[in-house]
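Proteins get letters first, then strands, A, B, ... in listed order; numbering begins at 1 in each.
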Amino acid sequence: MSPLSTVPIPGTRDFFPEEMSVRQQVFERLYRVVESFGYLRYDAPMVEPFELYAAKSGSDLVNQQVYRFTDRGERDLAIRPEMTPSVARMIAARAGQLVLPARWYSHPNLWRYERKQRGRYREHWQVNVDLFGTESWEAEAEILEILAEMMFAVGAKTSDFLLRVSDRQLVVNVLQQQVGLDPQQVAGAFGVLDAIEKVGPEETAAHLAKLGLSQAQADRTIQLLTHGEQFLEQAAPESLQQSNVARALSKLVTSQPVNVKFDPLIIRGFEYYTSSVFEVFDTNPENPRSIAGGGRYDNLVALFGKPRIPGIGFGMGDVTLIDFLQTHKIAPAPQIAPEVQVMTPDESLRQRVKEIAASLRQEGLRVVTPLDSRKLGKLLERAAKEGVRCVVIAGGDELARGAVKLRDLGRSEEREIALTALPVVIRETLATPTQEKP
RNA sequence: GUGAGUGUAGCUCAGCUGGUAGAGCACCGGCCUGUGGAGCCGGUCGUCGCGGGUUCGAACCCCGUCACUCACCCCA
């Protein structure tokens, strides 16, 4: 029999401690931002009825990419490919009891059956932030503000990212009323224009002609959709008045300036988005995938037979976010070393070592002790390699005086410290910058 | 689903038109029985992804296969 594989199944990742540490630090910053806006965390099952997604998630392609199986009770189930249907279900379940607006967030792992490539895995973790119960443009503003603050919280600068926003309804209105397209042509135009950045304007014009657009209509459509700012200028005032995104755009209150751009080419795949849609992009072309995206879905909760509760929200995924941080060299350093190691040169003092370690743990420090006997030099070498900052050396002479040696591996300094003062001195040491030996 | 690239030690890789498998790092030990990172010495480590073929002889050439990576399709 061949040995078991150590490789995770395709498209999934193991998170070794140093990777987990980075992920954890990044996401804890995001949690803090979201919670600072008063959002409450929830969770839901990783497996849902398949029909939850079949109903409204959108294209038949989504269905092809869902992990789907039949359980022993003959239920048709799916591993969640996204969180929004689940949260809509939960909101619907409490529809009569909730104080609205409801501000909720979660951090689920999501699955999609697709081939792995840069920025895309079959399993990824996504922070979802959703706001339910208002159609006000201020909901758009708040959601976009949170999104921007999340980017700032992980160390992004204003110039590092671009927030592209659009409004499906507004774009549809303009194309119908000002270019004279019928609804079918509008739908077709969206599909074709999605690819305009790849195939170029000539081919796009040809596709539009097939949909029955005149030359003038095609030119006008392309011109409008590829010049986002002008799009707003050219939209009828009553259309703009109805567009939450258009109204929110200039009124965002954020701790740093944000690059926001209206861009009608932001479509997004989910069919349930009713008007506002938006995505965050890295301004560095090395990392072309969107870091976060979302939109308004005013009809989703009503699918559960409950009163219509409008919603708006977005997801920010771990894969593209951490790619972004690494591209800009602002990912946090892994923190995997214990703060303190306690050791002794005298085998007979092992028990005292454990007692000292226990008392330091009571002080909230992360403390390890050697589990086997080795020479002090080897123990120090290993501690240094692990990145341990403080080493407590409990020798008989010092202990007789009620003291130990405290060695700061970060600065190669050693002092004798009274046991009673040890926690305080260790904390001071940990707060001091290290000084690398040349 | 389509296309391309890569598979050699735990890791990063070298290995000439085919001639018995290598380096650096890492790991373990010694020099150093109460003090780390350097240095020196020594040690452990491989079905050369797998299967078949050609050959006196294959890590190398040929065929197949699998895995991984990147891109396309599409999308969080």
Rounded off to whole Å, could you give me the [atom1]-to-[atom2] distance for the [X] and [N] pair?
X	N	atom1	atom2	result
His124(A)	A76(B)	NE2	P	10 Å
Gln117(A)	C74(B)	CD	C1'	9 Å
Glu123(A)	C75(B)	CD	P	22 Å
Arg112(A)	G1(B)	CZ	P	19 Å
Phe281(A)	A76(B)	CZ	P	10 Å
Lys116(A)	C73(B)	NZ	C1'	17 Å
Met46(A)	A76(B)	CE	P	20 Å
Glu416(A)	G34(B)	CD	P	17 Å

Output every pair passing salt bridge (charged side-chain N to carboxylate O under 4.0 Å, His left out) with a member in [range], not counting sequence neighbours, ordered by first then second residue.
range	answer
residues 321-344 of chain A	Glu339(A)-Arg366(A)
residues 5-30 of chain A	Arg13(A)-Asp318(A)
residues 374-384 of chain A	Asp372(A)-Arg374(A), Lys378(A)-Glu381(A), Glu381(A)-Lys385(A)
residues 140-153 of chain A	Arg103(A)-Glu142(A), Glu140(A)-Arg296(A)

By side chain to side chain contact (heavy atoms under 4.5 Å, CB included), which residues pair with [X], not counting sequence neighbours?
X	answer
Lys157(A)	Ser159(A), Asp160(A)
Arg411(A)	Arg389(A), Asp408(A), Glu413(A), Thr432(A), Gln435(A)
Glu347(A)	Arg350(A), Ser373(A)
Val26(A)	Val22(A), Val154(A), Leu321(A), Leu325(A), Pro332(A)

By the 4.0 Å heavy-atom rule, please label [X] as base, sugar-phosphate, or nothing.
X	answer
Tyr113(A)	nothing
Leu110(A)	nothing
Gly377(A)	sugar-phosphate
Leu379(A)	nothing
Gln126(A)	sugar-phosphate
Arg118(A)	sugar-phosphate
Asp397(A)	base

ask   = Should the pair Tyr297(A) and Tyr273(A) be assigned to parallel (<30°), tilted (30 to 60°) or perpendicular (>60°) ring geometry?
value =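 Tyr297(A) and Tyr273(A): tilted rings.
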task = Could you work out which one of G34(B), C70(B), G36(B) sits closest to the side chain of Pro345(A)?
result = G34(B)
Nearest-neighbour nucleotide for the Leu376(A) side chain, U35(B), C73(B), U69(B) considered =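 Nearest listed nucleotide: U35(B).
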Earlier contact from the 5' end, RNA chain B, for Arg122(A) and Asp346(A) =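 First, find each residue's nearest nucleotide; the 5'-ward one identifies Asp346(A).
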key: Upstream residue (5' side of RNA chain B) when Glu413(A) and Tyr121(A) are each assigned their closest nucleotide   =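 Taking each residue's closest nucleotide, the earlier one in sequence belongs to Glu413(A).
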request  = Using a strict 4.0 Å threshold on nitrogen-to-oxygen distance, state whether Asp43(A) and Arg80(A) make a salt bridge.
outcome  =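 Salt bridge between Asp43(A) and Arg80(A), a charged N being under 4.0 Å from a carboxylate O: yes.
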request  = Would you please say whether a donor-acceptor pair under 3.5 Å links the side chains of Gln184(A) and Asp182(A)?
outcome  =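 Short answer, no.
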ask   = Think Gln65(A) has a side-chain N or O under 4.0 angstrom from the OP1 or OP2 of C74(B)?
value = no
task = Could you encode protein contacts along nucleotides 26-32 of chain B as a string, one character per nucleotide from 5' to 3', using B for base contact, S for sugar-phosphate-only contact and - for no contact, with a heavy-atom cut-off of under 4.0 Å?
result = -SSSSSS
inquiry  = Tell me if the side-chain of Glu398(A) makes a donor-acceptor pair with the base of G34(B), cut-off 3.5 Å, by modelled atom types.
reply    =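 Yes, a donor-acceptor pair under 3.5 Å.
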ask   = Is any side-chain N or O of Thr344(A) under 3.5 Å from a base N or O of G34(B), one able to act as donor and the other as acceptor?
value =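 Flag unset: no donor-acceptor pair detected.
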task = Using the P atoms only, state how far C16(B) lies from G22(B), rounded to an integer number of Å.
result = 14 Å
Restricting to nitrogen or oxygen on both sides, can you table the protein-nucleotides 2-11 of chain B pairs closer than 3.5 Å?
residue : atom : partner   : partner atom : Å
U2(B)   : O4   : Arg115(A) : NH1          : 3.1

message = Give the dot-bracket line for RNA chain B from 5' end to 3' end: parentheses for intra-strand Watson-Crick or G-U pairs under 3.5 Å, square brackets for crossings, | for inter-strand pairing, dots for unpaired.
response = (((((((..((((.....[..)))).(((((.......))))).....(((((..]....))))))))))))....
Which pairs would a plain distance check flag for residues 85-92 of chain A, meaning a side-chain donor or acceptor within less than 3.5 Å of a matching protein atom at least two apart in sequence or in another chain?
residue  : atom : partner  : partner atom : Å
Ser86(A) : OG   : Glu48(A) : OE2          : 2.6
Arg89(A) : NE   : Glu48(A) : OE1          : 3.4
Arg89(A) : NH2  : Glu48(A) : OE1          : 2.9
Arg89(A) : NH2  : Glu48(A) : OE2          : 2.5

query = Just wondering, do Ile143(A) and Val129(A) contact through their side chains at under 4.5 Å, heavy atoms?
reply =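 SC-SC contact between Val129(A) and Ile143(A) confirmed.
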